[in-house]
Amino acid sequence: MLPLGGMGAADFMAVHWQKRPLFVPGAVPEAARVVDVETLFDLARHPDAQTRRIARKADVWTVDQGPLRPRQLAAKGVWTVLVQGLNHFLLEADALLRRFAFIPYTRLDDVMASYATRGGGVGPHFDSYDVFLIQAQGTRRWRISGQTDRDLLPDQPLKLMADFRAEQTFDCRPGDLLYLPPGYAHDGVALDDCITLSVGFRAPARSELAREFLLWLADRIDLPGLYADPDLRATDTPAAIDAGLLARVGGLLSGIRWDDAQVSAFLCQYLSEPKPHVVFDPPEEPLGEAGFARAAARHGVALDLQTLMLYDHAQVSCNGEALTPPDGLAAAMHRLADQRFLEGGDVSRALADCLYPIYRVGHLHVAAAPR
Ligand code: SIN
Ligand code: CO
């Protein structure tokens, strides 16, 4: 069932997505079981997790980056600990993320969890992405505002709004969900010890998409031959960029073309690339190709929790690497990418051979459910 109360996905997208907030009490009853304080603190001490600790004493804010030391997690006072990428570590967090699969994986980012002591929070701010804030434990008072004045306080270690003016208040209890579109101001304060889960959606900057596409294209354009200027004239200003050079190079550049198939191939590859800190664990005692095919046909295969597989009509990309499924296997690969696992009966020998390289590097496992 969708985590939207009674609302359908199409209505949510039309009315709320990137447009207006939505509060749904009791939308995610399983939120309380996604992570407990002990597991969250274990992750906060773990070097592979992206963790921050934000403390406030009177009006002085401090931010520490993880991994955290035990005493930072046992301190008295008002503080909060935020752990990114919970879905990379916990099946329950991955399952939570998948409940939002009515939104394309290209937009889905990660599940963050925050633990806050009473009074804790990260202050009034706005985010550049869409976020579903889901209460897992305790109560958090969210005050939100659609204000357009987003000036920040100067000289702070985190982004704090200078003049936050709350327009609505929600006391979120376990299972309650608050959706906020990008740029919507919010301030969440823990009324008691609380855990909040944030399901966030990435929105790459337009300049980032353009730059990355042009870099991708640079490796693929074919412009044979050397620059030639048989009509070059003698000059007495040899350091100047002359009009002929400008015209010839301008013409060369404006002749560079690309099509939708290339843009799609770029998106498939670029948007499936893992974040820089992600490291995959290859199997310790990998099966041989035939053994893998037998095991996969028996138990099925599942993508690693950190893996992102995307596809278009022409290709499949797994963690930024193109895979070339043999003819007739595209539908099975697309199912694997969408549902993130395949039953054993769906893994033919030819498909297993195609998946073997990503099994060897730890992007996919022999398993009945996502790992
Ligand atoms: C939090 O969980 O404390 C912060 C989440 C957010 O404001 O986006
Ligand atoms: Co926020």
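Atoms considered below: every heavy atom in the structure, side chains included; atoms not considered: hydrogens, waters and symmetry mates. All ligand and atom numbering here is 1-based and tracks the order in the structure.
Each of the atoms 1 (C), 2 (O), 3 (O) of ligand 1 lies under 4.0 Å from some heavy atom of Ser114. Residue-ligand proximity, His186 to ligand 1, at heavy-atom distances under 4.0 Å covers atoms 6 (C), 7 (O), 8 (O). For ligand 1, the atoms sitting less than 4.0 Å from at least one non-hydrogen atom of Asp127 are 8 (O), numbered in the order shown with element in parentheses. In summary, the atoms of ligand 1 found under 4.0 Å from a heavy atom of Ser198, numbered by their order in the structure, are 5 (C).
Heavy atoms of Arg140 found under 4.0 angstrom from ligand 1 belong exclusively to the side chain. When non-hydrogen atoms are compared, ligand 1 lies under 4.0 Å from neither the backbone nor the side chain of Phe126.
Under a 4.0 Å heavy-atom criterion, Tyr115 is not in contact with ligand 1. Residue Gly188 places every heavy atom at 4.0 Å or more from ligand 1.
Below the 2.8 Å limit, the Co ion (ligand 2) has as protein N, O or S neighbours His125 NE2, Asp127 OD2, His186 NE2.
Seen from the ring of Phe170, Arg140 does not count as a face-on cation partner, given the 6.0 Å and 45° thresholds.
Judged purely by distance below 3.5 Å, without hydrogens or angles, the side chains of Thr39 and Asp36 pair a donor atom with an acceptor atom. No side-chain donor from either of His277 and Asp48 sits under 3.5 Å from a side-chain acceptor of the other.
The environment of CZ in Arg298 is sparse: at most 12 heavy-atom neighbours from other residues, nucleotides or ligands sit within 6.0 Å. Other residues, nucleotides and ligands contribute over 12 non-hydrogen atoms within 6.0 Å of the NZ atom of Lys19.
One option in Gln135, Met112, His125 has a heavy atom closer to atom 7 (O) of ligand 1 than any other, and that option is His125.
Classified by interplanar angle (parallel below 30°, tilted 30° to 60°, perpendicular above 60°), the ring pair Phe132/Tyr179 is tilted. Ring pair Tyr359/Tyr356 is tilted by interplanar angle, where 30° to 60° counts as tilted. Relative orientation of the Phe41 and Tyr115 rings is perpendicular, given thresholds of 30° and 60° on the angle between their planes.
Applying the salt bridge (Lys or Arg N to Asp or Glu O under 4.0 Å) test to every pair with at least one member in residues 77-93, sequence neighbours left out, gives no pairs at all.
No donor-acceptor pair closer than 3.5 Å links the side chain of Glu273 to the backbone N or O of Lys275.
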